[in-house]
Every structure is written in structure tokens, then in C-alpha cells.
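Working notes, beginning with the structure itself.
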Amino acid sequence: MFFAQGWRNFGPPNCERNNPPPMAKNKFLTSRAENYSDWYNEIVKKAELAENSEVRGCMVIKPYGYAIWERMQRILDDMFKATGHQNAYFPLFIPKSFLSKEADHVEGFAKECAVVTHYRLKNDPNGKGVIVDPEAKLEEELIVRPTSETIIWSTYRNWIQSYRDLPLLINQWANVVRWELRTRMFLRTAEFLWQEGHTAHATEAEAVAEAEQMLNIYATFAEQTLAIPVLRGVKSERERFAGALNTYAIEALMQDGKALQAGTSHFLGQNFAKAFDVKFANKDNQEEYVWATSWGVSTRLMGALIMTHSDDNGLIVPPVLAPIQVVIIPIYRKEEEKVRVVEKCHEVSAILQGAGLRVKVDDDDTKKPGWKFSEWELKGVPLRLALGPRDLENHKIEVARRDTLTKEVMDLGVDFSKVIKGLLEEIQTTLYQKAQAFRETHTHRVDSWEEFQAAIDADIPGFILAHWDGTSETEEKIQEATKATIRVIPFEENPEPGTCVFSGKPSRQRVVFAKSY
RNA sequence: CGAGGCGUAGCGCAGGCCGGUUAGCGCACCUGCUUUGGGAGCAGGGGGCCGCAGGUUCGAAUCCUGCCGCCUCGACCA
């Protein structure tokens, strides 16, 4: 793996001190080349996104990490509202019997459910501490929701009588629990935060359109907000959501060449309507089962964010998403300098905020500028401004780009907020293009089993476009042989037929294989 | 759930084989002075049930037994 290091100067010289010293690679992180998963874990911790908690498999999301998640929530929520969805909240607990009403659904989740069996503790008669009171056993055990289809559809039964009640377009922001044996920060934790949309429709076509619409919203969000290029498509039967007729997904490629499912949208058919007896009277007063969708993205997107853009100096947050887009660092020696410099920093900040930017002046007196540079670099703030006594005199400010690690000196006399805004837009575009270029160079069309194996065994395996005979058996054999799975069957307007790389049987179109998270 | 590794200050570790004053080091923290344009320097200072429980011993961080927890790699997984 090759990764550029160190600050360079950018732009033409426009000031007498236009050659700030370049910086050596910071020494705070393991490099990606050295150990990719150490690098990932260290970013999570050192950028103060999250840390391991006292509870096995669960993490504490720290304020900076949560601020990023809140930005994701805000932007997605606006997109949901703009397409007619409303938020609601359903219980954390699901009666055990609900889960088993849809056969595929329960089979998919049974192995990772946390179960509440008692409702009371009491003092341990044999010593100190408390024990579960055996007298307080629940008549029916409660499952901590791994997803909410069952509780929601049992509720929808009461909400839907007529075609006039449809469509029902509900979303909830919630936590869910899936008892994972092996966890990784943000990518797979026992408890995680997400949103789950659950919609009910009068017709199949409408439900399918909803599932597709939401997939497109996720794709737009990933590409425009997170600057993560994604592939859209349908999941194979093996990868399909438990209880769905069809699962759509967006898949992103991480820097280590593994795929990450970044969002899913499911067409549930009438499976849950039948399981929970949700019917409506159509215009002809005939009873019909309701058609359903569900769709979700989770805090896993934080993992996608980290592994798409970040470098060996730390996190890189795209400007549209960044809770802090611009950090301003005052530089001074004496108290008298400090007053003037800090005042000017706040002045600059106010102008930028007036232009609609999210700005922080880091005037913490207990830390030195160099420390702050590294800190905000680790945290991935897109632009850093530094202002010292010399800049004050010259009416200049130093501007450093996190994505390219370049810096230059900008004149404060002009409409600099416009310049800053332009730079942020450029950073957003650059990040997307860089990720897209990476994906392109790590996407391989293969036509033989030998090529397939060679591609999947590469240091950075990437996406592999190959023909597949459409059977789960073949998919399973390919996975056994290579660890690669079908990430997505792309939407193709003109599918190109061929022969399966594994079985040699006829194939309708190429599908995307990859090793995945 | 399998295999390996690790639990000693907030974090990262040394010490352990070969038991013996007051358990050490780096970072972080506190105080003071000097510093401040890429994680500052010096001086002083605080902080430990050495994972838990039992055993051996005059004496255990160190040896023995059991337990618990964490990490890595597999298995599993929407």
C-alpha cells in the first residue's frame, strides 16, 4: 500500500512567508501498511470517536464521535421527512412469541438475541451483592430487539384498516442488540444505534418503489454527504434479510480492499402482513394483505467513513458531514499578543459562521499550537486556520487542508469566507474522487476461475466483477474456496450474459464479489 | 465456541524463569519558572487490594490450583 505523507505547500506564493516548514509524518498512529486493523482501532480511540466500555461487546461513543453521528442523523432525517416519512418510537422489548411468527425472520436472528427472563433482583442471602430473584420470572420472556419488524407489524395491525390509512411511512431512531461473538468498534458491536424505516403500502409496486427510493436516498447520502462512492444492487438469496423477498444494498470499498455494506432496504412482500394479520379494505371493499418495506443504516457508517477517507495522520471528515469544518488556532507568545490574536481569531470565526460554516476557535491556553495541529489533524477537521502576531501585522492567515496536507497563506483583506467555502467544496469533491479512483483501480473484471483467485488473493482484493450461475450452491462453494461473497447484483439496464467463473454454467450478468466486513 | 496471547498507576509497559528492604520506567496528571509558527524544557510532587479467590512458604507481583476479564486469529454472522 502506498500513502502520501507529510505537509506540502500548495498554491502560488502570495506572501513573504509562504514556505511554512513541511511536517514529518506524525508518530501517533500505526500506519495502514503496517497493520490495518491496529490503524483503525487507534483512529477510533485517538480521534476520540469511541472507546471500549466495561460491557463486553459494547462501546462508549464519545462526544466527538457522537457529534459526527448526529450530523448523519440530521441529514438523513431531513431526507426521510422530505419524502413523507414520520418518526415514531417502538419498545425496546419484544415478546418472544412475536419473533417466531415469521419463520425466516426468527431463524435469521435467533442465534444472537439477548433475552430478559426476570424483572427483579434481591439481596444475596449467602453474602454481599444481589442475585436475580427466582420468584420474579417473567411469564413470557422478552427479547431485546435485534430489529423491530415484529413489534411494529403487530402494532400496524391496529393502525391499518382501509386503503385510506396507506401508505404508512414510519421511521424510528433506536438502539438494537445483536449478541455478536466477535465485535469491532462501529463495524460490529453487540449494541448499536441505527434508524429503521417500516412502511406499509396498498400495492406491491408501491412497496417496491419505496424500497428502491430509500436505497437511492442512502446512496445519495453516502455519495454527497459522506463522499463515499457506493454500488447499488440486489442481494443474493444467501445475503438476503431474514423475512424479506428482496434486499437492496449499497456497498462501499474500504482502503484495505474489503467491502462494507453501508445500508440496506428490504422489500418484505406480504410476509409480515400475513404473520401479523395486517389487512386493509381496498376501494372495492375487499380485504387485502398490506405490502411492506423496511430499511436501515447504522453507526456502522462511522466505520465506513473512517476506512474510506482517513490516512496515516488520522481521520478525515468530509466538509458536508464535519461537525467542525474549520478550526482556528491562535499563536502567540506574550499575554499582550494573546489578547490581540485570540480576538482576531474570534472575529474571523464570526465572519465564517455568518457565512454558514461550522467553526471552532481552539483558544485553550493549556495546550501549545503544535499539539493542537496534531490533535485536529487526528480528528480530521477539513480546514485549519492558524493566526499569529506576524499574520496579524500582514493581515494574513495560514490555511491548511487536511485532505491534501497542504498549506498556504491567505489574505484576510478579501472576501475570505468565500475562499474558505470554495476550499471546503473542493475538499468534498476531492475526497469523493479519490475514493472513486481507488475503487476503480481495485475493481477487476475476471472471466476465469484462475483470474478470480488471483484477484481475491491480492493484498488489496477489491471488487471482482464475475459471472455467476445464480445458484446459492455455487456462491457457497466460492465462499468456501476464497472467503469472497456476492456483495451485490448490480442493477443493469443491459445485462451482459456469460458463463459462471466457477461452474461454467450460463450467467445472466456479472455480479460483484468481494471479501467483506 | 476453538487456538494463541495478555491482565502490575488513567494509558503503554518492565520486573516473574531464580520468592527477600519502600514494586519500577515512559506518557498523562498537579505546582513553579522558562516557553508557545508542527504533540516544549527544567525542577519538584501526587497516584498501586501487582485481575479475583484459595494454596505452598518465616516471607508471594513472582511458585501451584481454580475462576474472571480483555486482545488477536479462526468458526459464526443481515
Side-chain angles (χ1 to χ4, degrees), chain A residues 6-7 17-29 35 37-38 41-42 45-46 51-57 104-105 107-113 127 146-147 149 176 178-185 187-190 192 194 196 235-244 246-249 251 260-266 294-298 300 313-314 329-335 337-338 341-342 363-378 384-392 394 396-398 400 405 407 409 479-480 483 485 487-488 516-517:
Chain A
W7 288 98
R17 54 165 302 271
N18 52 32
N19 289 310
M23 183 200 175
K25 167 191 184 317
N26 85 28
K27 51 193 177 292
F28 313 116
L29 287 177
N35 187 328
S37 72
D38 281 356
N41 288 327
E42 286 172 23
K45 283 181 192 131
K46 293 187 178 171
E51 62 188 34
N52 280 311
S53 71
E54 307 291 310
V55 186
R56 193 184 68 89
D104 290 337
H105 190 68
E107 199 191 322
F109 286 105
K111 282 166 284 182
E112 46 185 8
C113 284
T147 181
E149 273 76 7
V176 286
R178 297 176 188 179
W179 212 259
E180 301 289 351
L181 296 174
R182 198 174 156 197
T183 59
R184 292 198 65 187
M185 294 268 208
L187 299 171
R188 179 170 284 109
T189 45
F192 58 94
W194 76 345
E196 46 180 325
K235 284 288 184 184
S236 68
E237 196 185 333
R238 287 181 84 230
E239 300 280 327
R240 192 180 293 156
F241 174 77
N246 235 335
T247 288
Y248 305 97
E251 289 282 329
L260 183 76
Q261 177 174 298
T264 51
S265 176
H266 315 292
S294 69
W295 28 273
V297 297
S298 71
R300 184 178 234 211
N313 289 348
I329 296 172
I331 293 156
Y332 48 80
R333 287 192 187 79
K334 304 170 179 126
E335 187 64 21
E337 278 177 355
K338 176 187 164 186
V341 166
V342 168
D363 56 3
D364 183 346
D365 200 26
T366 66
K367 291 182 173 64
K368 292 182 55 178
W371 195 94
K372 295 174 184 175
F373 289 176
S374 306
E375 179 69 8
W376 292 111
E377 204 167 298
L378 269 169
R384 181 190 74 226
L385 308 185
L387 191 140
R390 287 197 297 264
D391 302 306
L392 211 54
N394 300 326
K396 307 270 185 190
I397 198 161
E398 184 186 272
L405 296 174
K407 52 187 177 183
V409 175
Q479 182 178 0
E480 276 169 20
K483 301 240 159 74
T485 52
R487 300 322 303 152
V488 87
S516 74
Y517 278 97

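All chains are named by letter (A, B, ...) in the order of the sequence lines, taking the proteins before the strands, and each is independently numbered beginning at 1. In this text the structure is predicted, and so the values were computed from the model without any measurement.
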message: How many whole angstroms separate atom OH of A:Y517 from atom C1' of B:C77?
response: 16 Å

- prompt: Counting just side-chain N and O atoms, does A:R182 come under 4.0 Å of either OP1 or OP2 of B:G74?
  reply: yes

message: Does atom CH2 (A:W179) have a neighbourhood of more than 12 heavy atoms from anything else shown, all under 6.0 Å?
response: no

message: Rounded to whole Å, how long is the line connecting atom CD of A:E107 with atom P of B:C77?
response: 11 Å

- request: Using the P atom on both, measure B:C49 against B:A3 and round to a whole Å.
  value: 33 Å

query: So, does the side chain of A:K407 form a donor-acceptor pair with the base of B:G38 at under 3.5 Å?
result: yes

field: Touch class at under 4.0 angstrom, heavy-atom based, for A:K483 against every strand present
entry: sugar-phosphate

query: What's the closest nucleotide to the A:L181 side chain, out of B:U36, B:C77, B:C1?
result: B:C1

message: In this structure, how many angstroms lie between the C1' atom of B:C77 and the CD atom of A:Q479, rounded?
response: 10 Å

- request: Would you indicate what A:E375 reaches in the nucleic acid, counting non-hydrogen atoms under 4.0 angstrom: base, sugar-phosphate, or nothing?
  value: base

query: Given atom CD of A:E42 and atom P of B:C11, what is their separation to the nearest angstrom?
result: 16 Å

- prompt: Ignoring hydrogens and angles, are the base of B:G38 and the side chain of A:R384 linked by a donor-acceptor pair under 3.5 Å?
  reply: yes

message: What's A:D365 touching, base or sugar-phosphate or nothing? Going by heavy atoms closer than 4.0 Å.
response: nothing

- line: Given the options A:Q261, A:H266, A:K235, A:T247 meets side chain to side chain donor-acceptor pair (under 3.5 Å) only with A:H266

- request: Sticking with atom P, work out how far B:G41 lies from B:U35, rounded to a whole angstrom.
  value: 15 Å

query: Where each residue is assigned the nucleotide of RNA chain B containing its nearest heavy atom, which of A:R300 and A:R184 is assigned the position nearer the 5′ end?
result: A:R184

task: Find the runs of at least 3 consecutive base pairs, i with j, i+1 with j-1 and so on, that include RNA chain B, using Watson-Crick or G-U wobble geometry with both distances under 3.5 Å.
output: B:1-7 with B:68-74, B:10-13 with B:24-27, B:29-34 with B:40-45, B:51-55 with B:63-67

query: If you draw the axis of the six-membered ring of A:F373, does the NZ or CZ of A:R384 fall within 45° of it and under 6.0 Å from the ring centre?
result: yes

query: Taking atom P of B:G41 as reference, at what distance in whole Å does atom CZ of A:R333 sit?
result: 18 Å

message: Using a heavy-atom cut-off of 4.0 Å across all strands, would you classify A:R56 as base, sugar-phosphate, or nothing?
response: sugar-phosphate

field: A:E337 CD to B:G37 P, straight-line distance once rounded to whole Å
entry: 12 Å

query: How is A:T247 classified with respect to the nucleic acid when contacts are heavy atoms under 4.0 Å: base, sugar-phosphate, or nothing?
result: nothing

